[in-house]
*Asks:* 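The structure under discussion is supplied below as structure tokens; questions concerning it will follow.
What you see is a predicted model; the values in this text were computed from it and never measured. Here, residue 1 is the first one in the sequence, and each next residue gets the next number. Values below: every heavy atom of this structure, side chains too, minus hydrogens, waters and symmetry copies.
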Amino acid sequence: VSCSEPTAPEGRRGNVAIPFYIDRDGSGTRTPADTGLGGLSVGLVGANSGNTLSRTGTTASDGVVQFTAVPSGVYSVTLPTTLPAGVVLA
């Protein structure tokens with residue numbers, strides 16, 4: 001999974017919040033019917049001006065993982081090789 005959205009203006013830092021949820025109603029967007037996927041280990045990896053950034057976080061009960069003070073740059077999201085039973089990424 002990768003994100004092409006800028007995290008912050010060049011030379012600045014910003015916060016990144018990524019939601020993971022079970023799309024219970026099949027809408028393709030998060031709705032009140034959906035369930036957050038808590039306890040998932042998520043990595044954020046990328047480079048900024050030649051400096052490599054590698055952080056890990058865990059999703060909260062609402063399914064959101066947050067990374068703070070992320071320098072502007074391009075990042076990829078890494079997920080565990082084993083997901084909770086019944087969870088399929090789409």
Side-chain angles (χ1 to χ4, degrees):
V1 177
S2 64
C3 178
S4 60
E5 295 296 319
T7 54
E10 187 63 37
R12 310 264 330 251
R13 294 178 179 266
N15 299 329
V16 177
I18 307 166
F20 292 88
Y21 59 93
I22 299 171
D23 189 5
R24 299 235 183 248
D25 59 6
S27 67
T29 59
R30 193 161 191 178
T31 66
D34 300 332
T35 305
L37 191 55
L40 188 65
S41 179
V42 179
L44 186 68
V45 181
N48 172 33
S49 301
N51 298 316
T52 301
L53 175 91
S54 180
R55 294 189 190 168
T56 57
T58 303
T59 57
S61 61
D62 64 356
V64 177
V65 62
Q66 296 194 33
F67 299 97
T68 59
V70 177
S72 59
V74 177
Y75 298 91
S76 294
V77 175
T78 60
L79 299 172
T81 55
T82 303
L83 295 171
V87 174
V88 178
L89 297 178

*Asks:* Is a donor on one side and an acceptor on the other found under 3.5 Å between the side chain of Arg55 and the backbone of Thr68?
*Replies:* yes
*Asks:* Shortest non-hydrogen contact from Arg30 to Pro19?
*Replies:* NH1-CB, 3.6 Å
*Asks:* Not counting sequence neighbours, which residues clear side chain to side chain donor-acceptor pair (under 3.5 Å) with Arg24? List them please.
*Replies:* Thr35
*Asks:* Using modelled atom types and a 3.5 Å cut-off, is there a donor and acceptor pairing between side-chain atoms of Asn15 and backbone atoms of Gln66?
*Replies:* no
*Asks:* If you look at every heavy atom in Val45 and Ser54, which pair is closest and at what distance?
*Replies:* CG2-OG, 4.1 Å
*Asks:* Would you confirm whether Thr59, through its side chain, and Gly39, through its main-chain N or O, come within 3.5 Å as a donor-acceptor pair?
*Replies:* yes
*Asks:* What is the minimum heavy-atom distance between Arg13 and Pro71, and which atoms define it?
*Replies:* NH1-CG, 3.4 Å
*Asks:* Can you list the residues that meet the side-chain contact (heavy atoms from CB on, under 4.5 Å) rule with Thr31, with sequence neighbours excluded?
*Replies:* Asp25, Ser27, Thr29, Ala33, Asp34
*Asks:* Please evaluate residues Val42 and Thr78 with respect to the criterion side chain to side chain contact (heavy atoms under 4.5 Å, CB included), reporting the C-alpha separation (whole Å), side-chain torsions for both, the decisive distance (0.1 Å), and the verdict.
*Replies:* CA-CA 6 Å; Val42 179; Thr78 60; 5.9 Å; no
*Asks:* Indicate yes or no: at least one non-hydrogen side-chain atom of Tyr75 is less than 4.5 angstrom from one of Val16.
*Replies:* no
*Asks:* Looking at Gly63, is its backbone amide N or carbonyl O close enough to the side chain of Tyr21 to form a donor-acceptor pair, meaning the two atoms are under 3.5 Å apart?
*Replies:* no
*Asks:* Suppose we screen for side-chain contact (heavy atoms from CB on, under 4.5 Å). Which residues come up paired with Pro80, at least two apart in sequence or across chains?
*Replies:* Leu40, Leu83
*Asks:* Would Leu79 end up clustered with Leu37 when hydrophobic side chains under 4.5 Å apart are linked, directly or stepwise?
*Replies:* yes
*Asks:* Is there a side-chain contact between Ile18 and Val64 in this structure, where contact means two heavy atoms from C-beta onward sitting under 4.5 Å apart?
*Replies:* no
*Asks:* Contact between Phe67 and Leu53 at the side-chain level, heavy atoms closer than 4.5 Å - yes or no?
*Replies:* no
